[in-house]
2 protein chains.
Amino acid sequence: MPHRNQMPAPQPTLRRLPGYFRFLQTLAEAGETTVSCTSIAKALHLDPTGVRKDLAFTGIIGKPRVGYSLLELRDAISSFLGWDDIREAVLVGTGDFGRALLGYELFRERGVEIVAAFDVAPDLVGQKVRGKEVLALDALGDTIRTRQIPIGIITTPAAAAQGVADTMVEAGAKAIWNFAPAVLEVPEHIILEHVELVASLAVLSSKLAVRASAE
Amino acid sequence: MPHRNQMPAPQPTLRRLPGYFRFLQTLAEAGETTVSCTSIAKALHLDPTGVRKDLAFTGIIGKPRVGYSLLELRDAISSFLGWDDIREAVLVGTGDFGRALLGYELFRERGVEIVAAFDVAPDLVGQKVRGKEVLALDALGDTIRTRQIPIGIITTPAAAAQGVADTMVEAGAKAIWNFAPAVLEVPEHIILEHVELVASLAVLSSKLAVRASAE
DNA sequence: TAGATTGTTAATCGATTAACAATC
DNA sequence: TAGATTGTTAATCGATTAACAATC
């Protein structure tokens, strides 16, 4: 009856789902077969009612007094997040940060496979970094276009990010995952996720400053 | 009159402040001397009233019709976020991701200096990575204790993260910046910031799935 | 002066939390 | 059965957005 699959989940819910998935995975490895919201909430420091609401978005239905079927729930989350089918991605900028993402095995398990890396540095082009071939930036647009790659990952310096994004958009990429500290201008239909390490640092930093002044 | 400095800013505000700082910096380099909320909001795709409220937390006061003094505002943000005085940090886990953070020059400008790195791999210990000395994990507690280091950065695999956090807390660290995909248990007085790349990926991924099913 | 912009108060919106009936 | 747990409706909370007087 519930057409939950169609209902778009709010961003806070989406951000919590991977945590649930990870916890369920460890329970599964420990041989458990069912799980309750209460236990999930306790392990992840969340409110049980909130967890229940989050899980409802995946369309899963639990049994009163028993809880949820562990594997069923885990798989529902996985499918809801689009982790079941692999989507290809390209990464631009093979600095330290780009390398770290290229080598991050977990992405593949989460439905994203980086198929090629791009850089302007001529000495890197043609080489392999973390098992992925590095191509010249000139080839970025054509690669996305001919292979119909939906995701572009930007790990360039801030100054280069907008140009790279423009090329990605123009070549037909559907989503951009931006790690460069820059606000990107993209058409409205493009999905844009921006990871701002400095934003996270600011929270920590300012809390530390408040604490220091209180002492 | 306004004792804004003491008022703790909400987390969304804290996360936006670095973006304002960055924009003001580029305006300053372009030779501007004043700035209005309207222009900040437009550049960062935000609401002008929201920007005004955010800036109020820094204690700065603008002039109607003119805007804010650019440098004054920039410096107020910097000081509000605790970027003016350097705080020392240690980093544990010199994998790809750890290296990327070790080499990230920007942190120093944002008030955080990584003074040492730690790893369990014997062949790395004693070497320098990105200019920082790598010490044996055994020495973590003592280093934090004797040098009174306030910040611990965790870039280990998930399985090692809790143990590292325990050592940091026990040695007197005040804040932990966790990049490992694990929920850490720490005493309430410890400031804990968790960067979850997979949470950001989940948002992108699920939007992509929604878009795909709509086509 | 007229008009742009600030600062503040009020209204809206959305997410979190609380309350509670249904049920295995 | 009794009690734990689900699913849902209502209440609370906090942040965003709108409205508007003050002012340079």
Side-chain angles (χ1 to χ4, degrees), chain A residues 1-5 7-17 19-20 23-24 27 32-70 72-74 76-77 80 199 202-203 206, chain B residues 1-5 7-17 19-20 23-24 27 32-70 72-74 76-77 80 199 202-203 206:
Chain A
M1 223 162 297
H3 277 276
R4 292 276 158 59
N5 276 359
M7 211 181 295
Q11 178 145 330
T13 295
L14 290 174
R15 295 187 63 90
R16 280 188 296 263
L17 287 174
Y20 302 154
F23 178 61
L24 297 177
L27 286 188
E32 299 288 328
T33 57
T34 60
V35 65
S36 75
C37 284
T38 328
S39 61
I40 297 178
K42 185 170 284 183
L44 275 61
H45 307 157
L46 296 168
D47 176 78
T49 308
V51 173
R52 222 166 285 134
K53 282 216 167 121
D54 286 344
L55 297 182
F57 281 101
T58 69
I60 206 83
I61 287 175
K63 283 202 188 72
R65 148 123 212 174
V66 181
Y68 300 85
S69 154
L70 183 55
E72 209 185 311
L73 180 54
R74 184 197 62 182
I77 293 174
F80 185 78
V203 177
S206 114
Chain B
M1 223 162 297
H3 277 275
R4 291 278 158 59
N5 275 359
M7 209 181 295
Q11 177 142 332
T13 295
L14 291 175
R15 295 187 64 90
R16 281 186 297 262
L17 287 173
Y20 302 155
F23 178 62
L24 298 177
L27 285 188
E32 300 286 329
T33 58
T34 59
V35 65
S36 74
C37 284
T38 329
S39 61
I40 297 178
K42 186 171 283 181
L44 275 61
H45 307 155
L46 296 168
D47 176 78
T49 308
V51 174
R52 223 167 285 135
K53 283 217 166 119
D54 286 344
L55 297 183
F57 281 101
T58 69
I60 206 83
I61 288 176
K63 283 202 189 71
R65 148 120 212 180
V66 181
Y68 301 84
S69 155
L70 184 54
E72 210 185 309
L73 179 54
R74 185 197 61 182
I77 293 173
F80 185 78
V203 177
S206 113

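Note that the coordinates shown come from a computational prediction; the quantities given were computed from them, not determined experimentally. Hydrogens, waters and symmetry mates are skipped; everything else that's a heavy atom, side chains included, is used.
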Does A:Tyr20 form a side-chain contact (heavy atoms from CB on, under 4.5 Å) with A:Asp54? I'd like the steps, not just the answer. CA-CA 10 Å; A:Tyr20 302 154; A:Asp54 286 344; 2.6 Å; yes
How would you list, by chain and number, every residue that makes a side-chain contact (heavy atoms from CB on, under 4.5 Å) with B:Thr49, sequence neighbours excluded? B:Asp47, B:Arg52
If I take atom CZ in residue A:Phe57 and atom P in nucleotide C:dA15, what distance separates them, rounded to the nearest angstrom? 8 Å
To the closest 0.5 Å, what do you measure between CD1 (A:Ile40) and CG (A:Leu55)? 5.0 Å
Which whole-number value in Å describes the distance from B:Tyr68 OH to C:dT5 P? 12 Å
Distance, rounded to the nearest Å, where A:Leu70 contributes CG and D:dT5 contributes P: 15 Å
Atom CZ of B:Phe23 and atom CZ of B:Arg74: how far apart are they, to the nearest 0.5 Å? 14.0 Å
Please determine, for the side chain of B:Pro12, which listed nucleotide (D:dT5, D:dA15, C:dT5) has the closest atom? D:dA15
Summary of protein contacts for nucleotides 17-24 of chain D, nucleotide by nucleotide, where a base hit scores B, a sugar-phosphate-only hit scores S (4.0 Å, heavy atoms): BB----BB
Any side-chain N or O of B:Arg16 less than 4.0 Å from the OP1 or OP2 oxygen of D:dA15? no
Looking only at heavy atoms, the pair that brings A:Cys37 and A:Pro48 closest together is CB-O, 4.0 Å
From CD1 of A:Ile40 over to P of D:dG7, roughly how many Å is that when rounded to an integer? 11 Å
Rounded to whole Å, CG of A:Leu14 lies from P of C:dG14 at a distance of 16 Å
Using atom CD1 of A:Ile61 as one end and atom P of D:dG7 as the other, report the distance to the nearest whole Å. 7 Å
From CD1 of A:Ile60 across to P of D:dT8 the rounded distance in Å is 14 Å
Begin from the C-alpha positions of A:Leu27 and A:Thr33 and carry the test side-chain contact (heavy atoms from CB on, under 4.5 Å) through to its verdict. CA-CA 8 Å; A:Leu27 286 188; A:Thr33 57; over 6 Å; no
Over how many whole Å does the gap from A:Asp54 atom CG to D:dT8 atom P extend? 14 Å
Can you tell me which stems DNA chain C forms, taking runs of 3 or more consecutive Watson-Crick or G-U pairs with both distances under 3.5 Å? C:3-24 with D:3-24
Reported CD-to-OG distance for the pair B:Gln11 and A:Ser206, which is rounded to 0.5 angstrom: 9.0 Å
What closest approach, in Å, do A:Phe80 and A:Thr58 show between heavy atoms, and which atom pair accounts for it? CD1-CA, 4.0 Å
Start with the C-alpha distance between A:Val51 and A:Leu44, add both sets of side-chain angles, then the distance that settles side-chain contact (heavy atoms from CB on, under 4.5 Å), and finish with yes or no. CA-CA 10 Å; A:Val51 173; A:Leu44 275 61; over 6 Å; no
